[in-house]
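Beneath this line is the structure, given in structure tokens, with notes to follow.
Excluded from the calculations below are hydrogen atoms, water molecules and symmetry mates; all remaining heavy atoms, backbone and side chain alike, are included.
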Amino acid sequence: MLLNWLSRRLAAYLSKQVTRHSVRTSTWETLQKSLQPGDVLLVEGNTRISAAIKFLTQSTWSHAALYLGPEAGLGATGNGEPHVLVEADLEEGIRTLPLSFYRHTHTRVCRPVGLSEEDIRQLADYSKSRLGHQYDMKNVFDLARYLFPTPPVPVRYRHKLLAFGSGDPTRAICSTFIAEGFQQLRYPILPVVKTLPSDDPDCEDCVYEQFRVRHHSLFTPRDFDASPYFRIIKPTLEDNFDYRAIDWGNR
């Protein structure tokens with residue numbers, strides 16, 4: 001009971017906003033039009049836990065959500081706006097959201113290539129089956145240790161304290177939920193690639209690559225950005241961008 005109470009209090013503390021949202025890089029309209037079911041929406045968060053994750057992963061992106069679209073049947077807001085995203089939230093666990101939740105946020109769209117309608121359905125079924133599951137708190141205490149001012153250790157050394165915790169504090173973050181969904185499809189994100197000798201008797205120097213799955217708990221939001229198997233979609237360019245149409249000010 002005490003541990004659960006501490007976890008809830010810690011989650012509330014880490015979820016507090018500490019910075020303003022950074023400047024978005026596309027309009028709301030172009031973001032809406034460019035998204036497709038199966039896309040991963042990376043988010044530059046503005047909370048305490050976001051600051052820790054960005055530091056630990058050396059990345060702009062601190063959060064990830066899975067876009068499934070209005071046809072996925074994820075419910076709607078009170079004003080009728082459909083929920084189209086599924087994410088793992090620190091306080092609420094795995095939940096659905098409308099896209100407007102990130103309307104004023106710096107985001108990036110990462111798109112898996114070649115998914116079939118059946119693949120999308122499986123992703124949606126998997127996501128719905130996980131709704132309500134709680135965020136994995138076992139390593140969140142390590143993230144908090146980076147943020148707290150005590151013990152009195154210089155900021156540049158604080159990240160080394162994490163080595164005394166559970167090993168990899170980034171395992172607790174939202175991207176593990178999404179990574180597990182893609183791994184159920186056998187869709188690669190950043191697999192372990194081993195180079196092995198070829199069995200071809202006519203080619204002694206030939207090799208082949210063998211892919212091995214990394215455990216889903218090891219993935220961070222930036223891995224979708226770095227993955228060679230996800231296409232980066234820039235909504236502004238997708239919307240028939242013409243630099244000649246820009247209205248430049250004189251000042």
Side-chain angles (χ1 to χ4, degrees), residues 21-45 50 53-54 57 59-77 81-89 94-131 173-191 213-214 216 219-241:
H21 284 302
S22 57
V23 178
R24 63 184 184 181
T25 53
S26 63
T27 66
W28 167 242
E29 292 74 21
T30 57
L31 179 62
Q32 281 182 301
K33 289 194 293 184
S34 65
L35 283 165
Q36 296 180 7
D39 286 349
V40 176
L41 186 70
L42 301 184
V43 177
E44 181 180 12
S50 298
I53 292 170
K54 285 190 283 188
T57 62
S59 170
T60 299
W61 312 113
S62 63
H63 187 66
L66 180 64
Y67 180 85
L68 293 174
E71 303 301 321
L74 301 177
T77 63
E81 182 183 2
H83 285 201
V84 294
L85 298 170
V86 182
E87 67 172 16
D89 178 72
I94 298 179
R95 63 180 182 177
T96 63
L97 286 174
L99 183 60
S100 61
F101 189 85
Y102 292 117
R103 179 169 185 160
H104 302 291
T105 308
H106 182 203
T107 58
R108 169 160 290 175
V109 179
C110 301
R111 177 165 299 161
V113 176
L115 293 189
S116 66
E117 291 186 6
E118 175 61 20
D119 292 332
I120 299 297
R121 187 191 65 78
Q122 289 187 39
L123 272 178
D125 289 346
Y126 158 78
S127 300
K128 292 176 183 178
S129 73
R130 297 291 302 277
L131 291 179
I173 64 180
C174 55
S175 50
T176 64
F177 153 70
I178 301 175
E180 187 174 8
F182 280 103
Q183 287 187 342
Q184 290 188 7
L185 299 178
R186 306 295 288 178
Y187 191 93
I189 304 171
L190 282 178
V213 175
R214 290 171 59 200
H216 61 268
F219 285 95
T220 66
R222 76 167 185 178
D223 291 333
F224 294 97
D225 190 12
S227 172
Y229 311 106
F230 282 75
R231 180 176 290 131
I232 304 303
I233 304 299
K234 297 191 175 182
T236 299
L237 300 183
E238 298 292 313
D239 192 35
N240 298 318
F241 171 70

When you measure from the side chain of [X] to the backbone of [Y], do you find a donor-acceptor pair of N or O atoms at a distance under 3.5 Å?
X: D225; Y: R222; value: no
X: T105; Y: T107; value: no
X: Y187; Y: V113; value: yes

Inset, instruction - Kindly assign one of parallel, tilted or perpendicular to the pair F230 and F182, based on the angle between their ring planes and the thresholds 30° and 60°. - result: perpendicular
Inset, instruction - Determine, step by step, whether R130 and E180 satisfy the salt bridge (Lys or Arg N to Asp or Glu O under 4.0 Å) criterion, reporting the C-alpha distance in whole Å, the side-chain angles of both residues, the deciding distance to 0.1 Å, and the verdict. - result: CA-CA 11 Å; R130 297 291 302 277; E180 187 174 8; 3.0 Å; yes
Legend entry - Intermediate values then yes/no, ring pair (Phe, Tyr, Trp, His ring centres under 6.0 Å), Y126 and F177: CA-CA 10 Å; Y126 158 78; F177 153 70; 5.5 Å; yes
I want to check something: taking the side chain as every heavy atom from C-beta on, are [X] and [Y] in contact at a cut-off of under 4.5 Å?
X: W61; Y: V43; value: no
X: F101; Y: E81; value: no
X: L66; Y: E87; value: no

Side-chain donor-acceptor contacts of residues 31-38 below 3.5 Å, not counting sequence neighbours, with atom names and distances?
| residue | atom | partner | partner atom | Å |
| --- | --- | --- | --- | --- |
| Q32 | OE1 | W28 | NE1 | 3.3 |
| K33 | NZ | D239 | OD1 | 2.8 |
| S34 | OG | T30 | O | 3.1 |
| S34 | OG | L31 | O | 3.1 |

Legend entry - R111: partners by salt bridge (charged side-chain N to carboxylate O under 4.0 Å, His left out), with sequence neighbours left out: D39
Legend entry - Listed partners of T96 passing side-chain contact (heavy atoms from CB on, under 4.5 Å), at least two apart: L74, H83, V86, L131
